[in-house]
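Below is one structure; the comments refer to it alone.
These numbers were taken from a predicted model, which means no experiment stands behind them.
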Amino acid sequence: MKDNGLVISARNKLAEVEVQCFAACQNCSAQSLCLGQSQSKGRVSAKNPLQALPGDTVSLDIPETMYNKALIL
């Protein structure tokens, strides 16, 4: 999954990022398993090595294998 998002909160080494589900999910192979398909926005917790702050726009790149594995669990 590759998409841009808005940092909602940042704590410790993680950031909570809001993404537009339809933009991020358009080509995702896990579409049928995902709750996000019925929502317009979703939130993802991500590592924050650049120390992004709330209000910053960031790029996310989550390998589909990791994303699919998290959905199945």
Side-chain angles (χ1 to χ4, degrees):
M1 179 179 93
K2 292 183 182 185
D3 203 358
N4 295 324
L6 179 67
V7 176
I8 302 300
S9 67
R11 228 183 303 192
N12 301 323
K13 295 182 180 184
L14 294 176
E16 188 170 339
V17 182
E18 185 176 82
V19 295
Q20 298 294 323
C21 290
F22 296 114
C25 300
Q26 200 169 28
N27 297 316
C28 181
S29 61
Q31 242 180 354
S32 61
L33 301 173
C34 187
L35 297 173
Q37 68 180 342
S38 63
Q39 302 170 1
S40 62
K41 294 181 182 178
R43 289 193 179 182
V44 175
S45 291
K47 291 180 182 177
N48 189 7
L50 301 177
Q51 299 178 348
L53 299 172
D56 289 348
T57 299
V58 295
S59 293
L60 296 173
D61 187 4
I62 303 171
E64 272 197 48
T65 53
M66 287 182 66
Y67 183 72
N68 293 346
K69 186 176 179 180
L71 283 175
I72 291 169
L73 293 175

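- Across every non-hydrogen atom of Pro54 and Ile8, the tightest pair is CB-O, 3.6 Å.
- Identified under the salt bridge (Lys or Arg N to Asp or Glu O under 4.0 Å) test for residues 6-16, with sequence neighbours left out: Glu16-Arg43.
- Applying the side-chain contact (heavy atoms from CB on, under 4.5 Å) criterion to Ala52, with sequence neighbours excluded, gives Val7, Asn48, Asp56, Val58.
- Shown here are the side-chain hydrogen bond (donor to acceptor under 3.5 Å, both in side chains) partners of Ser59, two or more places apart in sequence or in another chain: Asn4.
- Each of Val44, Val19, Asp61 was checked for a side chain to side chain contact (heavy atoms under 4.5 Å, CB included) with Asp3, and the lone residue meeting it is Val19.
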